[in-house]
Colleague: 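Sharing a structure with you now.
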Amino acid sequence: MGRKQKAIKIIEGLEITSIAAEGYAIGRDDNQVVFVKYAAPGDIVDVKIVKKKKNFKEGQIIHFQQRSPLRVDPFCPYFSHCGGCKWQHMPYESQLQFKQQQVIDALERIGGIQGFEVVPILGSQKTQAYRNKLELTFSDRAWMIDFVKDSDVPRPRALGFHMPGQFNQLIDIEACYLMPDYVNQIQRSIKAICDEKEISFHDVQRHEGLMRNVMFRCNEKDEWMLVVAFYENDLDTIETVMSHIKMHFDRVVSLNYIVNTKMNDAMQGCEVIHYSGAFHLTESLGDYTFIIQPLSFFQTNTQQAKRLYDITKDFAGLTGSENVYDLYTGTGSIAIYVSEGAKSLVGIEYVEVAIEDAKINATNNGVNHAVFYAGDMKDVFSDALFEQHGMPDVIITDPPREGMHPDVVSRINESGAQRVVYVSCNPATQARDIKGMQEHYRLVKVQPVDMFPHTHHVENVALLERI
Ligand SMILES: C[S@@+](CC[C@H](N)C(=O)[O-])C[C@H]1O[C@@H](n2cnc3c(N)ncnc32)[C@H](O)[C@@H]1O
């Protein structure tokens, strides 16, 4: 029996009216919202419906009836395939406006909050080569734009990025413009040596092939760190690849590798084997220096990180007499950055090695009035901790995209802290959490900060004061 063919639904002449969260733009059809990727307000497009739910549809552009006057030519040839920079088709000034609007919309619609001040969004001075970290993946078969399933056409190998949402489709890239060009020189050279020596690339479905991933980091002094992930402990071939990088790239001051035999590519949890140079990079933010170990978290846009921390410090309004809690402290960077103005500091974070780094960072910077604890926030940020270190006067919180656990929100509410500075990379969860604090805290002001030009991501710093 033949399979039933679903009729393809097309909407013609859909007018794109605004930008939505997660990199989508929106139009309306039959009074229903239609989410469309890679569209700009002002476009009139024909879209193929790829998802249909009770309250919304998702469409894919198949034809432009009219291009928005807002549009600019994307500078990257992989735009709309790699998924990294969903907003390259819009000018930077418009991107900033849309990001700021997203923050306001989230607070008003999700948080139900009104009457707060919006300090204009702080754009990034660098709009290309602003990242200090990038991770590329190897694949034995590149994704190809004109690839026909089950065809006999051989697919070349790839070193590049995943197609959005597709773990087994990899786009081979010659260059990424988000990190200084040295990254491209190194990655092309690694690929060339692998081709020359016939070193295999990983097949994620069959789980075979040696080369898996490579992570690049650099600091403002243009010193580089690499972590190369191999699938097997094939020491001869590992030596071939690592010695090649060491010999040809003298700005790589920290060279490391891991052997990842897991089913997934995540480097976290793997043992890092130090090959040559130093084991960590150092980075300065203002008067402070931080060590960056191969797998530890560090803000990805260094110049904007400093400006983000400056806003955080300003919002915290420290006078030298405050007991400050820095929740989700990572390697202690915010706690240390604001330390001069605090009487005492407590930093909490669940990655143990990050807390080890935080302690080293504090010592290296002569910050002797900070203590750091590793553990899940909802367990560690507790009455017992308050008894030991005193009640907080100011809380700075910088959670991951999921926002804070409800127990953590409740604990903040009960803490009596006069001020809360909430740094967030997700306006939706930030708005939800601030809503949960409304009976105890008033949202005074927010300042969005753009850490990631050409992407839809936005960071937002919010100041809340105790009612
Ligand atoms: C957005 S990062 C902020 C890091 C740091 N504030 C900075 O600026 O570098 C969020 C941090 O929260 C940590 N984290 C995530 N979930 C956590 C939890 N349940 N308990 C404690 N820390 C957590 C992550 O490991 C990460 O370091």
Side-chain angles (χ1 to χ4, degrees), residues 132-133 217-225 253-254 272 274 277-375 377 380-381 385-398 417-421 423 449 451 461:
N132 58 30
K133 184 181 168 204
R217 291 187 114 145
C218 64
N219 63 14
E220 291 288 288
K221 284 195 267 175
D222 203 20
E223 296 168 330
W224 290 67
M225 168 190 275
V253 299
S254 172
V272 179
H274 180 224
F279 187 60
H280 61 253
L281 286 182
T282 53
E283 185 58 282
S284 299
L285 292 179
D287 296 335
Y288 300 97
T289 55
F290 298 91
I291 58 166
I292 306 173
Q293 309 248 18
L295 302 185
S296 55
F297 178 87
F298 193 78
Q299 295 283 350
T300 317
N301 179 339
T302 309
Q303 293 185 2
Q304 283 300 88
K306 179 182 178 307
R307 300 169 91 199
L308 179 79
Y309 291 176
D310 281 334
I311 295 167
T312 305
K313 191 174 168 184
D314 177 45
F315 280 18
L318 302 178
T319 63
S321 62
E322 290 87 358
N323 189 21
V324 179
Y325 279 64
D326 179 28
L327 311 186
Y328 310 90
T329 193
T331 53
S333 34
I334 296 184
I336 292 166
Y337 199 82
V338 304
S339 60
E340 203 189 13
K343 186 180 80 187
S344 50
L345 301 122
V346 181
I348 308 165
E349 155 69 42
Y350 77 1
V351 176
E352 279 182 28
V353 285
I355 285 298
E356 285 166 25
D357 288 356
K359 290 177 183 169
I360 297 169
N361 283 331
T363 306
N364 289 350
N365 287 290
V367 176
N368 305 315
H369 54 312
V371 290
F372 293 96
Y373 288 94
M377 196 61 60
V380 179
F381 183 55
L385 197 72
F386 293 166
E387 266 173 42
Q388 205 178 345
H389 293 288
M391 300 305 282
D393 299 306
V394 174
I395 294 173
I396 298 171
T397 182
D398 182 11
Q418 279 311 307
R419 273 188 301 286
V420 177
V421 182
V423 183
V449 180
M451 310 287 284
V461 190

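Note that the structure is predicted; figures quoted are calculated from it, not measured.
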Colleague: Considering only heavy atoms from C-beta outward, does the side chain of Phe386 approach that of Tyr325 to under 4.5 Å?
Modeller: yes
Colleague: Quick check: does any side chain N or O of Asp393 sit under 3.5 Å from a backbone N or O of Gln418, one acting as donor and the other as acceptor?
Modeller: no
Colleague: Within the structure provided, determine whether Leu295 and Val272 are in side-chain contact (heavy-atom separation under 4.5 Å).
Modeller: yes
Colleague: Please, which pairs that meet salt bridge (charged side-chain N to carboxylate O under 4.0 Å, His left out) have at least one residue in residues 294-320, sequence neighbours excluded?
Modeller: Lys306-Asp310
Colleague: Are side-chain heavy atoms of His369 and Leu345 found at a separation under 4.5 Å?
Modeller: yes
Colleague: Under 3.5 Å, is there a donor-acceptor pair between the side chain of Asn365 and the main chain of Val367?
Modeller: no
Colleague: To the nearest 0.5 Å, what is the distance between CZ (Phe372) and CG (Asp357)?
Modeller: 11.0 Å
Colleague: Between CG of Asn132 and CG of Leu281, what distance do you get to the nearest 0.5 Å?
Modeller: 9.0 Å
Colleague: For Val371 versus His389, what's the shortest heavy-atom pair and its separation?
Modeller: CG2-CE1, 3.5 Å
Colleague: Mind checking the CG-OG1 spacing from Asn364 to Thr282? Nearest 0.5 Å is all I need.
Modeller: 9.5 Å
Colleague: Determine the minimum heavy-atom distance between Phe279 and Pro294, stating which atoms define it.
Modeller: O-CD, 3.3 Å
Colleague: Please tell me if the side chains of Tyr309 and Ile336 come closer than 4.5 Å, counting only heavy atoms from C-beta onward.
Modeller: no
Colleague: How long is the straight-line distance from CG of Asn323 back to CG of Leu318, given to the nearest 0.5 Å?
Modeller: 10.5 Å
Colleague: Can you find a pair of side-chain heavy atoms, one from Ile292 and one from Asn219, that are under 4.5 Å apart?
Modeller: no
Colleague: Is any side-chain heavy atom of Gln299 less than 4.5 Å from a side-chain heavy atom of Asp398?
Modeller: yes
Colleague: For Arg419 and Val394, indicate whether the former's side chain and the latter's backbone hold a donor-acceptor pair under 3.5 Å.
Modeller: no
Colleague: According to salt bridge (charged side-chain N to carboxylate O under 4.0 Å, His left out), does anything in residues 335-356 pair up with another residue at least two apart or in another chain? List the pairs.
Modeller: none
Colleague: Nearest 0.5 angstrom please: Asn361 CG to Thr289 OG1, how far?
Modeller: 7.0 Å
Colleague: Please confirm whether the backbone N or O of Gln293 pairs with a side-chain atom of Arg217, one donor and one acceptor, at under 3.5 Å?
Modeller: yes
Colleague: Can you name the nearest heavy-atom pair linking Gly332 to Ala358, along with the distance?
Modeller: N-CB, 3.7 Å
Colleague: For the pair Phe298 and Phe290, name the ring-plane relationship: parallel under 30°, tilted 30 to 60°, perpendicular over 60°.
Modeller: tilted
Colleague: Tyr288 and Ser339: which non-hydrogen atoms are nearest, and at how many Å?
Modeller: OH-OG, 3.7 Å
Colleague: Can any side-chain N or O of Glu322 pair as donor or acceptor with the backbone N or O of Gly320 at less than 3.5 Å?
Modeller: yes
Colleague: When you compare the side chain of Phe381 with that of Ile395, does any pair of heavy atoms fall below 4.5 Å?
Modeller: yes
Colleague: In Å, rounded to the nearest 0.5 Å, how long is the span from OG1 of Thr329 to CD1 of Ile355?
Modeller: 6.0 Å
Colleague: Are any of the side-chain heavy atoms of Gln304 and Val449 separated by less than 4.5 Å?
Modeller: yes
Colleague: More than 12 foreign heavy atoms under 6.0 Å from CG of Asp222: is that the case here?
Modeller: yes
